[in-house]
Amino acid sequence: MAISEGGLLTDQIRCQVWPRLLNVSVEQLPPAAGPELRVGNKDYQQVLLDVRRSLRRFPPGMPLSEREDLQEQLIDIILQVLSQNPQLHYYQGYHDIVVTFLLVVGSRLATVLVDKLSTHHLRDFMDPTMDNTKHILNYLMPIIELVNPSLYDFMQRAEVGTIFALSWLITWFGHVLSDFPQVVRLYDFFLACHPLMPIYFAAVIVLHREEEVLECECDMASVHHLLSKIPQDLPYEILISRAGDLFVQFPPSELSREAVVQLQTQRTAASTFKDFELASTQQHPDTVLRRRFRDSVQGDHGAKSVLTKPRSNRLMKLAVMGLTVAIGAAALAVVKSALDWAPKFELQIFP
C-alpha cells in the first residue's frame, strides 16, 4: 500500500503501518520527557531556534496555543532521541522530519519512530561531518547520466553540482514542499523502501524538469536557482512510480562505483541494512513472498526494459528489494540487495 498509488491514504492507517515498516513496537511507548531534559543540553538552543522558525510546517489556521504546544512537544522529541543516542549529531532540517511524524502519529509514538529512523535511514545525516551526506548526494548524477546523458552533460558543463538537492535529501522533502498530504505521501514511500530512495526521487524531479533546465543559461547560478525551487504542482504519483522503476533498473549496487569515485567514504545509511545480515540468521523468510519474488524474477528474463514491465510486477520487485528493517520475509533477498550495493563496506557493522 505504501508503494502503490495513493500510499496509505489516511493518518489513521499510517499510525498502524508506519510502526510496522520500522519494526517498532507500540505496546510500551516511552513516557513524555520531563523538563530536566532541557537543562544543560548542548543542542537545546539550536533546536529551539529551528523549531521557532518552523511555523510553515504546521497546518494553516491552527490556534496559536495548539501550535505552541506542538512546538514544545517537537523540541522534547528531538532532545529525547538525541539523549538516547549520544552518537547522533543534530543537524538543521532534522526538525522538518520530526514534525511530520509528530503531526501524523502524536508525540509518544513519534518519539520511538524517529528514534529508529535516526539510527537507520537518517544515520548518515547525523554524523559529526557531512562527508556521508555528500556521498549520498553523489548518487544523483550517475542516475541522471544513465537516464538522460544530454541533461547530465549540460549540468556538468554548468558545474551546478548537487548541493541544490541537499535540503530535499536531509528533510525528506519536508522543508521544500508546502502541501502536507504530499509530504506524508512521500514518507509512506520512503519508509517502505531502501534508505537511498529519496535520492532516486530527487533524480526523477530533475529528469522531469529537463526542458526547464536546458532552457537555462548554462552556468551554475542559473541552473542552481532553477533546481533549488521545486514546483508545487509536480505529478507526484508519476514521479514516485518512476523513482521505483529506476531503483529496480539501476540499483545502488550498480551506482556505487560511480558515487565512490566522486567521494570516498567509510559508511553510509544504506549500510544500516547490514543488520539484516544478522537478523536474517534468526528469521524464517515468508514462503509466499519468496515464491512471488522467485516467480517475478523468472518472468523478467528477456530484453524488455524494466520501465515497460507490468506495474504489478514492478511493485513486487520494488517491495522485495526495498523492504526496510521491519520485514523478515524475503530477508535473504533484501540482505543481498543491501550488501551488494557497496562492497567496500562489507566488513562494517552499523553500531
Side-chain angles (χ1 to χ4, degrees), residues 124 130-170 173 176 189-190 193-231 234-235 238-265 268-271 300 303-309 314 317-318 321-322 337-338 340-345:
D124 290 320
M130 290 188 62
D131 288 347
N132 287 340
T133 302
K134 293 175 182 176
H135 176 69
I136 295 174
L137 282 170
N138 281 339
Y139 279 75
L140 179 64
M141 296 306 290
I143 299 171
I144 295 172
E145 181 181 18
L146 286 167
V147 178
N148 192 327
S150 62
L151 177 60
Y152 169 82
D153 291 341
F154 180 89
M155 295 177 67
Q156 289 293 91
R157 293 197 308 274
E159 299 182 341
V160 68
T162 58
I163 199 67
F164 64 86
L166 176 62
S167 64
W168 306 358
L169 181 66
I170 66 175
F173 298 84
V176 293
F189 182 55
F190 295 154
C193 292
H194 191 284
L196 288 179
M197 187 56 77
I199 206 69
Y200 283 82
F201 190 76
V204 299
I205 289 179
V206 176
L207 292 165
H208 177 75
R209 304 184 69 192
E210 174 192 5
E211 291 185 9
E212 296 176 76
V213 174
L214 296 179
E215 289 174 358
C216 276
E217 294 293 329
C218 190
D219 61 71
M220 188 273 287
S222 300
V223 179
H224 177 85
H225 178 74
L226 172 72
L227 289 176
S228 61
K229 300 182 182 301
I230 296 183
L234 291 172
I238 293 174
L239 297 182
I240 286 171
S241 177
R242 193 176 185 197
D245 289 335
L246 292 181
F247 180 87
V248 174
Q249 190 173 23
F250 307 116
S253 58
E254 296 184 10
L255 303 176
S256 59
R257 291 182 182 275
E258 292 298 322
V260 170
V261 165
Q262 298 184 52
L263 178 69
Q264 294 292 332
T265 190
T268 65
S271 67
D300 287 348
K304 290 178 64 180
S305 165
V306 74
L307 298 179
T308 66
K309 291 171 184 172
R314 179 190 65 78
K317 289 192 66 178
L318 177 60
M321 293 180 69
S337 173
D340 282 354
W341 83 275
K344 286 179 177 288
F345 312 142

Can you name the side-chain contact (heavy atoms from CB on, under 4.5 Å) partners of His225, sequence neighbours left out? Lys229

Provide the closest heavy-atom pair for Ala243 versus Met197 in the form atom of the first, atom of the second, distance. O-SD, 4.0 Å

For Pro149, the side-chain contact (heavy atoms from CB on, under 4.5 Å) test, sequence neighbours excluded, returns none

Please enumerate all residues that pass side-chain contact (heavy atoms from CB on, under 4.5 Å) together with Gln156, with sequence neighbours excluded. Met141, Tyr152

Any chance the rings of Phe173 and Phe201 have centres within less than 6.0 Å? yes

Applying side-chain contact (heavy atoms from CB on, under 4.5 Å), run through Leu207 and Arg242 and close with a yes or a no. CA-CA 10 Å; Leu207 292 165; Arg242 193 176 185 197; 3.8 Å; yes

Please table the atom pairs, donor to acceptor, closer than 3.5 Å between any side-chain atom in residues 212-220 and protein atoms at least two apart or in another chain.
{"from": "Glu212", "atom 1": "OE1", "to": "Arg209", "atom 2": "NH2", "distance (Å)": "3.1"}
{"from": "Glu212", "atom 1": "OE2", "to": "Arg209", "atom 2": "NE", "distance (Å)": "3.2"}
{"from": "Asp219", "atom 1": "OD1", "to": "Ala221", "atom 2": "N", "distance (Å)": "3.2"}
{"from": "Asp219", "atom 1": "OD1", "to": "Ser222", "atom 2": "N", "distance (Å)": "2.8"}
{"from": "Asp219", "atom 1": "OD1", "to": "Ser222", "atom 2": "OG", "distance (Å)": "3.0"}
{"from": "Asp219", "atom 1": "OD2", "to": "Ser222", "atom 2": "OG", "distance (Å)": "3.2"}

Tell me the closest heavy-atom pair linking Tyr139 and Ile199, and the distance in Å. CB-CG2, 4.1 Å

From Leu234 CG over to Leu239 CG, what is the distance, rounded to the nearest 0.5 angstrom? 6.0 Å

Could you list the residues that satisfy side-chain hydrogen bond (donor to acceptor under 3.5 Å, both in side chains) with Glu210, not counting sequence neighbours? Asn148

When rounded to the nearest 0.5 Å, the distance separating CG of Asn132 from CG of Asn138 is 11.0 Å

Rounded to the nearest 0.5 Å, how far apart are CH2 of Trp168 and CG of Leu227? 5.5 Å

pair Pro252-Tyr200: side-chain heavy atoms closer than 4.5 Å: yes

Any Leu166 side-chain heavy atom under 4.5 Å of Met130 side chain: yes

Identify which one of Val206, Leu226, Leu137 satisfies the side chain to side chain contact (heavy atoms under 4.5 Å, CB included) criterion when paired with Phe164. Val206

Measure the shortest side-chain to side-chain distance between Leu196 and Leu255 over non-hydrogen atoms and say whether it is less than 4.5 angstrom. no

Got Leu140 and Met155 here, is their nearest side-chain heavy-atom distance under 4.5 Å? no

